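The structure appears below as structure tokens.
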Amino acid sequence: MTGTPDAAGRIRNVAIMQPYFVPYAGYFRLLAAADLFVLYDCVQFPRRGWVHRNRLPDANGQLQWLTLPLAKAPREVSIRELRFRPDAAAALTSQFARFPLLTRPRCESPGLLEALRDVSGTPLEYIERLLAHCTAALGLPWRVLRSSTLGIPPELSGQERTLAIVAALGGRRYVNPPGGRKLYDHTRFAAAGVELRFLPEHQGPSVSILARLLAEPAEAVAAEIRAGLRLLR
């Protein structure tokens with residue numbers, strides 16, 4: 001199953017996920033499966049999560065963190081309120097020397113390296129640009145909006161907030177990664193008139209899409225992503 005609106009143009013499949021910094025290929029299955037992909041930017045920034053950092057192989061093949069240089073912010077800051085440090089461009093570039101993929105003269109996706117260096121705007125805008133760039137390279141649809149534009153009541157949380165987002169978009173099916181099985185109740189979704197579906201476990205490498213697209217043909221990575229959708233249940 002892939003995300004395609006019905007004959008009347010109504011949204012069937014909605015996916016919601018925090019904006020992750022160059023996430024693994026499995027993340028992009030949600031973009032391929034959804035008629036509309038919602039960047040979940042209206043929630044608290046998870047400091048130990050994947051919004052601002054990811055791991056790449058170093059010269060010894062060991063995974064090390066590449067971290068966005070964010071300005072200090074209150075613990076309760078939302079993702080959309082994040083800002084870069086004044087020296088963000090230099091601070092990010094200084095990390096590149098640890099990762100051969102980011103410094104070698106030839107790579108599969110030189111445009112992606114250019115996008116990686118461009119830290120203009122807010123961290124959310126930067127991450128969204130990178131996601132869009134990767135999605136285009138993979139030949140996947142880019143049908144995206146931010147949750148902060150929907151005016152969802154701030155007191156709603158968890159699956160009730162998810163259902164409110166799907167309802168605001170007129171969606172009929174919510175597509176989620178496999179880890180969401182512990183978070184969502186089929187009965188509650190059915191009562192709201194929303195079908196709850198989960199992606200199967202991702203069978204490919206879990207390394208950042210950045211490492212994959214710099215070292216592998218985008219067509220091969222895209223084929224892996226689409227293959228995972230055939231098992232959607």
Side-chain angles (χ1 to χ4, degrees), residues 2-3 11 13-43 45-46 49-56 65-70 78-84 88-89 92 101-102 107-150 165 169 175-177 179-180 199 202 204-226 228-229:
T2 57
I11 294 170
N13 305 323
V14 175
I16 305 169
M17 183 61 66
Q18 293 174 358
Y20 284 177
F21 174 48
V22 289
Y24 80 127
Y27 182 103
F28 292 86
R29 295 182 303 168
L30 289 171
L31 284 151
D35 301 321
L36 194 57
F37 180 86
V38 180
L39 286 173
Y40 203 26
D41 69 325
C42 60
V43 291
F45 166 55
W50 298 89
V51 170
H52 70 309
R53 60 181 187 166
N54 214 304
R55 295 185 296 178
L56 300 175
W65 290 109
L66 175 65
T67 304
L68 296 180
L70 302 179
S78 68
I79 293 172
R80 65 186 176 89
E81 295 170 325
L82 293 172
R83 296 295 182 267
F84 282 119
L92 181 63
L101 282 170
L102 304 184
C107 65
E108 288 288 339
S109 299
L112 181 53
L113 280 179
E114 295 175 8
L116 185 70
R117 296 187 182 100
D118 178 13
V119 294
S120 59
T122 68
L124 174 60
E125 292 167 340
Y126 170 78
I127 293 168
E128 188 173 4
R129 285 198 307 270
L130 282 176
L131 288 173
H133 187 101
C134 293
T135 301
L138 293 165
L140 299 176
W142 179 255
R143 300 181 288 257
V144 176
L145 62 75
R146 300 177 185 177
S147 62
S148 59
T149 65
L150 297 174
I165 291 173
L169 298 171
V175 182
N176 201 246
L199 294 170
H202 180 63
S206 59
V207 70
S208 165
I209 196 71
L210 177 61
R212 305 276 316 267
L213 288 178
L214 292 178
E216 304 174 41
E219 296 81 4
V221 183
E224 174 190 301
I225 292 170
R226 292 192 179 95
L229 296 180

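Please read these numbers as outputs of a predicted model, since none were measured by experiment.
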TODO: Output yes when a side-chain donor or acceptor of Arg29 lies under 3.5 Å from a complementary backbone atom of Ala25, and no otherwise.
DONE: no
Open item on the list: Side chains of Leu150 and Ile165, heavy atoms from C-beta outward: is any pair under 4.5 Å?
Closed with: yes
Task: Non-hydrogen side-chain atoms of Ser147 and Ile16 separated by less than 4.5 Å - done: no
Task: Validation row: Leu138, Leu213 side chains within 4.5 angstrom (heavy atoms) - done: yes
TODO: Describe, in one word, how the ring planes of His52 and Phe45 are oriented to each other, choosing from parallel (under 30°), tilted (30 to 60°) and perpendicular (over 60°).
DONE: perpendicular
Task: Sub-4.5 Å side-chain heavy-atom contact between Ile225 and Leu31 - done: no
Open item on the list: I want to check something: taking the side chain as every heavy atom from C-beta on, are Asn54 and Leu66 in contact at a cut-off of under 4.5 Å?
Closed with: no
TODO: With the side chain counted from C-beta on, respond yes when Leu30 and Val175 share a heavy-atom pair under 4.5 Å apart, and no when they do not.
DONE: yes
Open item on the list: Treating Arg80 as the side-chain partner and Arg146 as the backbone partner, does any N or O pair qualify as donor plus acceptor under 3.5 Å?
Closed with: no
Open item on the list: How close do Leu116 and Leu92 get, counting heavy atoms only, and between which atoms?
Closed with: O-CD2, 3.4 Å
- [ ] Could you check whether the rings of Phe84 and Tyr126 sit parallel, tilted or perpendicular, using 30° and 60° as the cut-offs?
- [x] perpendicular
TODO: Check whether any side-chain heavy atom of Arg55 lies under 4.5 Å from a side-chain heavy atom of Trp65, and answer yes or no.
DONE: yes
- [ ] For Arg143 and Pro141, indicate whether the former's side chain and the latter's backbone hold a donor-acceptor pair under 3.5 Å.
- [x] no
Open item on the list: Please confirm whether the ring centroid of Tyr27 lies under 6.0 Å from the ring centroid of Phe37.
Closed with: yes
- [ ] For Asp41 and Ser148, indicate whether the former's side chain and the latter's backbone hold a donor-acceptor pair under 3.5 Å.
- [x] yes
- [ ] Determine the sole option in Val144, Leu39, Val22 for which the side-chain contact (heavy atoms from CB on, under 4.5 Å) test with Leu131 is passed.
- [x] Leu39
